[in-house]
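Read through the structure below, which is laid out as structure tokens, and then see the notes.
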Number of protein chains: 2
Amino acid sequence: MTARGETRGRLLRTAAELFQRQGYHGTGLNQVLADSRAPKGSLYFHFPGGKEELAAEAVTLSGRELGEVFAGLMEAAPDARTALATVGEHFARSLEDSAFQKGCPVATVALEAAAESEPIRAACDAVYAAWQSVFATALRGWGVREERADSFADTVLSSLQGAVLLARIRRDVSVIHRTARDLGDLIDGRSPSPV
Amino acid sequence: MTARGETRGRLLRTAAELFQRQGYHGTGLNQVLADSRAPKGSLYFHFPGGKEELAAEAVTLSGRELGEVFAGLMEAAPDARTALATVGEHFARSLEDSAFQKGCPVATVALEAAAESEPIRAACDAVYAAWQSVFATALRGWGVREERADSFADTVLSSLQGAVLLARIRRDVSVIHRTARDLGDLIDGRSPSPV
DNA sequence: CCAAGAATAGACCGATTGGTCTAGAGAGGG
DNA sequence: CCCTCTCTAGACCAATCGGTCTATTCTTGG
């Protein structure tokens, strides 16, 4: 019937999706259970730590997947400007395709739960660290000075996170594209491109 | 005894503080009531719309106050670089003074509730629009080309929001300072300053 | 073929949630 | 003085919360 570990995976997927849309406290376990078509016993069998453990793993999962998307986009892009535009486009499409419900899969849970749950905070921290590393590696490949790559990658990560947040609230993705372009200007070290 | 409207104001203050620290769904009305030393009847008398109306007004309040702080800092700073450093310093101190519990008073509630409550979304939207306007005005005063000021102000707002988010998760404010410096570089239109 | 462990299934729990409702205290104008 | 309106006070409600527990159904190795 159900393959080993399938229920566990389905719970994780459902949880990741719901946490991304509704946040940590805004998502009830009963909803996760119903959407996963799993009984409560299975949840606490696979995640003895309860909601907290489920959230930490869900964030880790979506973070790893999105990180792999980033890495792929970085590899395919010829330069920083193009890469940032592509990443911005990815977030913009995710927002628009979900009626502005799905922004960053980490940010909401991070802000909500980081103060009260160390495991969740650590999971979010690890995801952001991995993303930053992807950006830093790519920037080095495009000739950014070694000692500046990490710092720049942080700025890229910050700006994108903020832009996705703003876009979600405004229900308008244009801020993402403009921010991505400004980041390109910054990394190229040239004066901002005229509009 | 209690002056007119005093209870209402106390409820708003308490709510703003708790929502900033714990988010919308993470904060129960009973806690707001207890911290405000107000009975439930008063809450629903002053805020017939319940929790939703309370949150919208609380976000508006803290947003306006922080916006005034921004305006003051902009006015006092001689140039964009200095101003951004000062704003970053303000957020950094808020985080450190609160054991990384108090980041942006809007972002958490915005991400949590924007999708499910239009009044709250609109309130957050208005706060961000006001902040953006403060930055844009200041940038124009520092010689940024008129048609670029609004767009730059958006990038500044995005980057700061993201940096404060990252700093809170990492429990390390350095990303705020570095992002503020990079923003200064961008606006000055010069190559990034060597480390 | 059967015993043992893995996993499912859901009833059940106390606590808490946001919200409603009735009663009465307090103050100000007539 | 007293009536009226504002506001306080908190009991009460159904619904939902995250979590525990026991019973049962699979699956698999011996």
Side-chain angles (χ1 to χ4, degrees), chain A residues 1-19 21-59 108-109 112-121 123, chain B residues 1-19 21-59 108-109 112-113 115-120 123:
Chain A
M1 179 164 285
T2 53
R4 287 177 71 96
E6 191 195 317
T7 300
R8 190 189 143 93
R10 215 167 53 240
L11 282 167
L12 265 183
R13 291 259 152 238
T14 308
E17 170 89 13
L18 291 176
F19 286 146
R21 291 178 181 264
Q22 309 173 345
Y24 181 70
H25 291 111
T27 302
L29 289 186
N30 293 329
Q31 187 184 5
V32 176
L33 261 6
D35 285 15
S36 310
R37 261 175 296 271
K40 213 162 225 183
S42 295
L43 198 162
Y44 281 88
F45 173 78
H46 293 292
F47 305 93
K51 191 182 191 182
E52 191 178 34
E53 183 181 347
L54 179 67
E57 282 216 40
V59 163
T108 311
V109 174
E112 278 185 276
E116 73 177 275
S117 161
E118 175 56 24
I120 296 181
R121 201 218 104 244
Chain B
M1 178 165 283
T2 53
R4 285 177 74 94
E6 191 194 317
T7 301
R8 189 189 145 94
R10 216 167 51 240
L11 281 167
L12 265 183
R13 291 258 152 239
T14 308
E17 170 89 14
L18 290 175
F19 286 146
R21 290 178 182 264
Q22 309 172 346
Y24 181 69
H25 291 109
T27 302
L29 290 185
N30 293 328
Q31 189 184 3
V32 176
L33 262 8
D35 286 16
S36 310
R37 260 174 298 270
K40 214 161 223 183
S42 296
L43 198 162
Y44 281 88
F45 173 79
H46 293 292
F47 305 93
K51 192 182 190 181
E52 192 178 36
E53 182 180 348
L54 180 67
E57 282 216 41
V59 162
T108 312
V109 174
E112 278 185 277
E116 72 178 275
S117 161
E118 175 55 25
I120 296 180

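Labels below follow one simple rule: chain letters A, B, ... track the order of the sequence lines, proteins then strands, and each chain is numbered from 1. Note that the structure is a prediction, hence the values are computed from the model and not measured.
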B:R10/B:E6 ion pair, N-O < 4.0 Å: yes

For residues B:H25 and B:E116, determine if any side-chain heavy atom of one lies less than 4.5 Å from a side-chain heavy atom of the other. yes

Just so I know, are the side chains of A:E52 and A:Y24 near enough to count as touching, which here means a heavy-atom distance under 4.5 Å? yes

Take the protein atom CG of A:N30 and the nucleotide atom P of C:dA9, then report the distance between them rounded to whole Å. 16 Å

Selection from D:dG18, D:dT8, C:dT8 that lies nearest to any side-chain heavy atom of A:Y44: D:dG18

Does a side-chain N or O of B:S42 approach OP1 or OP2 of D:dA9 to a distance below 4.0 Å, or not? no

Of the residues in residues 45-53 of chain B, which ones touch DNA chain C at a heavy-atom distance under 4.0 Å? B:G50, B:K51

In terms of the nearest nucleotide of DNA chain D, which residue is placed more toward the 5' end: A:G41 or A:G28? A:G28

Starting at atom NE2 of A:H25, determine the distance to atom C1' of C:dT16, rounded to an integer number of angstrom. 13 Å

Output the single nucleotide from C:dG10, C:dG19, D:dA9 whose closest atom is nearest the side chain of B:K40. C:dG19

Value in whole Å for how far the C1' atom of C:dT16 lies from CG of B:L33: 14 Å

Assess whether a salt bridge exists between B:E17 and B:R13, defined as any Lys/Arg side-chain N lying under 4.0 Å from an Asp/Glu carboxylate O. no

